[in-house]
Asker: 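The structure under discussion is supplied below as structure tokens; questions concerning it will follow.
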Amino acid sequence: MMHTYSFDIFDTLISRKLANDKGVFVAMREKLRGVTELEFPNYFIDEFVNLRIHAQKVANKTSAYPEITLSEIYTALGSNFPQFRTEHLELLQALEEAIEIEICCPIPENISRVMDIIDSGHNVLLISDMYLSEVVIMKMLKRADSRLCSLPLYLSSTLKMRKSDGTLFSHVCNDRKIQPSSLIHTGDNFTSDCVMAKRTGVNYQFYQDSLLSKIEKSYFREEQNLFLQLFVGASKQTRLQGYDLKPSYRLGASFMGPMFYGFVHDSLKQAVNEGIKRLYFLARDGYLLKIIAEEIIACYNYNIEIRYLYTSRQSTYFASIFCLTKSSFHWIFQEMDNVITFNVVAKRLHLEASVLMNYLDEDLRQSLVSNGLDNRLTNTLVQHLQNELLGNTTLKAKVESAAKNYREAVVGYFEQEGLLRDERIGFIDIGWRGTLQDAIFRILKSKKPDFKLTSYYLAVTYYSAYTSPENRKVPAYMFPSTRAGSGPILEMILQCEHGTTLRYQKNDTGQFEAVLKAPSVHLEEWGLDDYKKGIRTFSRTLSQSLVAYPSVETNYAAITPILIEMLEDATPEVAATLGDLFYSGNIEESNSRIFAPPFNVLQALSYIISSRKQRNSYTQWFNGSYSRSPLLPRMLIQLDPRLNFLNVIKKYVSREKLREKRQYAKRFVQLHLGFIRK
């Protein structure tokens with residue numbers, strides 16, 4: 001049988017750069033505030049969205065036909081405002097039509113499908129229930145894809161019959177002289193495009209991707225807020241454009257881009273307002289943030305230079321040692337993946353293990369050898385090593401001298417990159433403790449005493465002891481220490497195409513360059529390029545939308561925390577895409593493994609009986625692994641008594657009260673049960 005194919009238009013072939021159809025009225029309300037040629041009362045503008053929706057209902061009730069026109073809607077609206085002249089209503093109608101044309105955008109997946117069907121020799125029709133005129137809809141189709149304008153159009157406002165009662169489907173079949181069973185219709189409205197199609201004998205295909213995703217719905221909590229309409233619309237539009245790309249594109253377009261866009265935009269505005277002329281995005285967390293900034297600056301024309309700075313804890317911390325004190329021990333002996341070894345300590349001190357050994361006393365050397373240089377250091381050995389570093393003047397001088405020599409290349413690179421040109425520069429980074437910025441500040445302060453730094457952070461877990469007016473920390477959010485587990489997940493989202501910065505060296509031309517670790521071999525397969533494309537496209541789309549409405553108030557704080565919270569209950573798609581990345585829990589980036597693999601039955605059972613430290617070997621993101629696991633492993637994990645106990649505690653006891661109870665129990669043991677320890 002030779003089939004004929006028909007497609008709905010709105011949210012099937014074309015979409016809007018807004019969250020939903022009511023966004024058109026919200027945008028109109030904003031535009032009406034700037035109309036000066038005809039005077040509209042303020043109360044009318046403020047209530048325009050509700051008035052427009054009500055007028056459409058009135059027009060539907062009073063019309064002699066099943067379908068109405070836009071002109072009838074505004075006639076109904078004008079009946080409640082006798083002071084409005086014909087030109088008032090004509091202006092409103094023209095404004096709505098202009099906005100509809102301006103904000104329409106294609107849905108590439110279905111347009112591509114239409115063209116493939118035509119190329120295969122089948123007929124394609126357009127069937128739409130819509131009050132807009134055929135002239136307006138043709139302009140919208142032309143804007144989306146001019147090839148659509150040549151297709152036969154069956155429009156309810158012209159024919160005065162609708163899909164929603166089945167009459168339009170019957171009319172199409174009679175007009176084309178085809179059997180209903182030979183017509184295959186695609187649309188997004190389940191009632192009109194599926195149920196009524198089936199009742200008239202027409203085959204149907206339900207298209208759902210134009211519906212808001214769970215992520216988009218999570219922060220779209222007020223449909224009359226223009227900012228949210230534009231923000232969600234940008235996410236939806238970007239998501240629909242990448243239908244043929246890897247899942248990483250959707251993660252960037254609908255999750256990562258929306259999560260970090262507001263932080264970057266607000267940071268740029270703060271930096272500009274504070275007179276900062278040069279803003280550095282720190283490797284590697286700043287790599288994708290800089291992409292967002294590039295698109296924002298291209299639309300807003302901010303007078304600020306943005307640059308990318310190759311740096312890392314590994315390449316910078318050692319150079320910040322001027323005088324070796326206990327403050328350096330935090331990173332020298334920092335346990336990542338629950339391990340710190342003597343060989344790692346030596347590497348962080350830029351000494352060969354055998355050289356460092358020669359500076360230690362005999363008893364400590366014997367203890368280290370007995371323990372194993374590649375085995376985890378005990379707390380006692382860590383304490384002895386720390387005492388030796390502070391008390392052994394020869395060793396202390398050796399470390400400080402090596403740090404001074406190492407610092408020369410670090411300063412050379414920083415100076416070459418312009419960090420010392422201005423009185424104050426800005427950094428953008430994800431944040432947490434701010435120790436990397438403190439290290440860079442100390443290094444540059446030694447070269448330029450009046451050097452000033454402002455760091456814009458997504459979040460901090462606490463303020464550094466070295467925060468000062470000269471070394472400012474400006475976080476968008478504070479994360480209490482109990483939520484520090486969010487850090488690794490957010491850092492996983494901020495992927496980068498190059499490896500970590502190891503050190504700096506001069507090249508053949510005398511320029512300093514960063515020596516980088518090889519990038520992860522898994523990123524290309526995972527889809528980093530598509531990920532970047534999703535982030536860049538979202539950032540450009542949203543920036544263009546916001547610039548078109550300069551007076552709209554941006555409130556990113558209403559979005560970012562919601563998306564961060566969603567990481568605790570991630571959708572299966574987010575969990576699968578993010579969970580497939582590889583993760584390393586130390587600054588040397590060793591022991592790389594999948595971030596959040598799904599559990600099988602055996603792993604679920606093992607996870608339940610494992611200790612807290614052992615559980616990290618199964619997953620670094622429990623909620624992600626749980627979300628993407630099959631049903632049976634999830635059911636087994638729900639039997640975990642520790643998990644159930646924690647869920648009860650979280651439900652009925654606040655974190656603050658829980659800490660108080662833990663401290664009380666600890667003090668009780670110390671006071672009354674000390675004999676147990678003896």
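Side-chain atoms are counted along with the backbone in the values below, which use heavy atoms only and exclude waters and symmetry mates. Treat the numbers as computed from the prediction; the structure is a model and nothing was measured.
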Asker: Between S213 and R250, does any side-chain donor sit less than 3.5 Å from a side-chain acceptor?
Answerer: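 There is no such pair (donor and acceptor under 3.5 Å, judged by atom type) between the side chains of S213 and R250.
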Asker: Between the side chain of K17 and the main-chain N/O of I103, is any donor-acceptor distance below 3.5 Å?
Answerer: no
Asker: Any non-hydrogen side-chain atom of R85 less than 4.5 Å from a side-chain atom of L38?
Answerer: yes
Asker: Has the side chain of Y531 got a donor or acceptor atom that lies under 3.5 Å from a matching backbone atom of I493?
Answerer: yes
Asker: Would you say the side chains of Q56 and R52 form a donor-acceptor pair under 3.5 Å?
Answerer: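 Short answer, yes.
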Asker: Q229 and N20: side-chain hydrogen bond (donor to acceptor under 3.5 Å, both in side chains), yes or no, with the steps?
Answerer: CA-CA 7 Å; Q229 282 279 355; N20 61 19; 2.9 Å; yes
Asker: I want to check something: taking the side chain as every heavy atom from C-beta on, are T577 and E573 in contact at a cut-off of under 4.5 Å?
Answerer: yes
Asker: Quick test of your reading of the model: are K236 and D209 salt-bridged, counting only N-O distances below 4.0 Å?
Answerer: no
Asker: Is the shortest side-chain N to carboxylate O distance from D21 to R16 below 4.0 Å?
Answerer: no
Asker: Are the side chain of W621 and the backbone N or O of A575 linked by a donor-acceptor pair below 3.5 Å?
Answerer: no
Asker: In terms of ring plane angle, is the pair Y74 and F48 parallel, tilted or perpendicular, where the classes change at 30° and 60°?
Answerer: parallel
Asker: Please check this pair: side chain of T167 against backbone of M161, looking for a donor-acceptor N/O pair closer than 3.5 Å.
Answerer: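 No.
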Asker: Checking K246 side chain against L528 main chain: does a donor-acceptor pair fall under 3.5 Å?
Answerer: no
Asker: Using the side-chain hydrogen bond (donor to acceptor under 3.5 Å, both in side chains) definition, which of the options S235, S543, S539 pairs with Y261?
Answerer: S543
Asker: Salt-bridged, E216 to R239, with N to O below 4.0 Å?
Answerer: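 A salt bridge is present here (some side-chain N lies under 4.0 Å from a carboxylate O).
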Asker: Within the distance-only criterion (no hydrogens, no angle test), does the side chain of D129 pair as donor or acceptor with the backbone N or O of K163 below 3.5 angstrom?
Answerer: yes
Asker: Mark yes when over 12 heavy atoms from residues, nucleotides or ligands other than D116 sit less than 6.0 Å from its CG; otherwise mark no.
Answerer: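 Yes, enclosed.
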Asker: Could you tell me whether the side chain of Q603 and the main chain of N600 form a donor-acceptor pair under 3.5 Å?
Answerer: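 Answer holds: yes.
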Asker: Between F227 and Y549, is the ring centroid distance below 6.0 Å?
Answerer: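 When the ring centroids of F227 and Y549 are compared, they turn out to be at least 6.0 Å apart.
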Asker: Are the side chain of R143 and the backbone of I101 linked by a donor-acceptor contact shorter than 3.5 Å?
Answerer: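 Side chain of R143 to backbone of I101, a donor-acceptor pair under 3.5 Å: yes, one is there.
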Asker: Would you mind reporting whether L494 and F260 have side-chain heavy atoms less than 4.5 Å apart?
Answerer: yes
Asker: Atom CD of residue position Q83 - does it have more than 12 heavy atoms of other residues, nucleotides or ligands inside 6.0 Å?
Answerer: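 Result for CD/Q83: enclosed.
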Asker: Would you call I559 and L228 a side-chain contact if the rule is heavy atoms closer than 4.5 Å?
Answerer: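 Yes. Closest side-chain heavy atoms under 4.5 Å.
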Asker: Heavy atoms, side chains only, cut-off 4.5 Å: are Y65 and S157 in contact?
Answerer: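 When only atoms from C-beta onward are counted, S157 and Y65 do not touch, as no gap falls below 4.5 Å.
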Asker: Show your working on side-chain contact (heavy atoms from CB on, under 4.5 Å) between M130 and M140 and close with a plain yes or no.
Answerer: CA-CA 13 Å; M130 189 55 176; M140 298 174 75; over 6 Å; no
Asker: May I ask you to say whether K533 pairs ionically with D530, meaning some side-chain N is under 4.0 Å from a carboxylate O?
Answerer: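 Salt bridge: no.
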Asker: Before giving the answer on side-chain hydrogen bond (donor to acceptor under 3.5 Å, both in side chains), spell out for Q237 and S15 the whole-Å C-alpha distance, their side-chain angles and the decisive distance to 0.1 Å.
Answerer: CA-CA 8 Å; Q237 181 185 350; S15 184; over 6 Å; no
Asker: Of F206, Y154, F7, F169, which meets ring pair (Phe, Tyr, Trp, His ring centres under 6.0 Å) against H185?
Answerer: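 In the set F206, Y154, F7, F169, the residue that makes a ring pair (Phe, Tyr, Trp, His ring centres under 6.0 Å) with H185 is F169.
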Asker: Any side-chain heavy-atom pair from S6 and V172 closer than 4.5 angstrom?
Answerer: no
Asker: According to the interplanar angle, ranging from 0 to 90°, do the rings of F231 and Y219 count as parallel (below 30°), tilted (30 to 60°) or perpendicular (above 60°)?
Answerer: perpendicular
Asker: In terms of heavy-atom contacts, does CZ of R33 have more than 12 from other residues, nucleotides or ligands at under 6.0 Å?
Answerer: yes
Asker: Does E222 CD have over 12 foreign heavy atoms under 6.0 Å away?
Answerer: yes
Asker: Might you work through the side-chain contact (heavy atoms from CB on, under 4.5 Å) test for K22 and Q224, ending with a clear yes or no?
Answerer: CA-CA 8 Å; K22 293 184 180 64; Q224 289 200 30; over 6 Å; no
Asker: Can we call the ring centroids of H88 and F81 under 6.0 Å apart?
Answerer: no
Asker: Between S128 and L155 (side chain of the first, backbone of the second, donor and acceptor by atom type, cut-off under 3.5 Å), is there such a pair?
Answerer: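 Not a single qualifying donor-acceptor pair exists.
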Asker: Are T75 and E72 linked by a side-chain donor-acceptor pair shorter than 3.5 Å?
Answerer: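 Note: T75 and E72 side chains miss the donor-acceptor criterion.
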Asker: I need the single residue from V124, L148, N110 that forms a side chain to side chain contact (heavy atoms under 4.5 Å, CB included) with M115. Which is it?
Answerer: L148
Asker: Look at the rings of F40 and F44 and say which category their plane angle falls in: under 30° parallel, 30 to 60° tilted, over 60° perpendicular.
Answerer: parallel
Asker: So, do I111 and I107 sit near enough that their side-chain heavy atoms are less than 4.5 Å apart?
Answerer: no
Asker: Test F10 against every option in I137, N189, D188 by the side chain to side chain contact (heavy atoms under 4.5 Å, CB included) rule and name the one that passes.
Answerer: I137
Asker: Can a salt bridge be assigned to the pair K139 and E100 using a cut-off of 4.0 Å between side-chain N and carboxylate O?
Answerer: no
Asker: Consider side chain to side chain contact (heavy atoms under 4.5 Å, CB included). Of L490, I535, L578, which one does M256 pass it with?
Answerer: I535
Asker: Step by step, would you call Y287 with E497 a side-chain hydrogen bond (donor to acceptor under 3.5 Å, both in side chains)?
Answerer: CA-CA 8 Å; Y287 176 76; E497 68 179 7; 3.0 Å; yes
Asker: Taking side chain as C-beta onward, heavy atoms only, is I292 less than 4.5 Å from F263?
Answerer: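 Result no, sub-4.5 Å side-chain heavy-atom pair not found.
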Asker: Would the distance check show the side chain of Q495 and the main-chain N or O of M492 forming a donor-acceptor pair, the cut-off being under 3.5 Å?
Answerer: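 Yes, Q495 side chain to M492 backbone: donor-acceptor pair under 3.5 Å.
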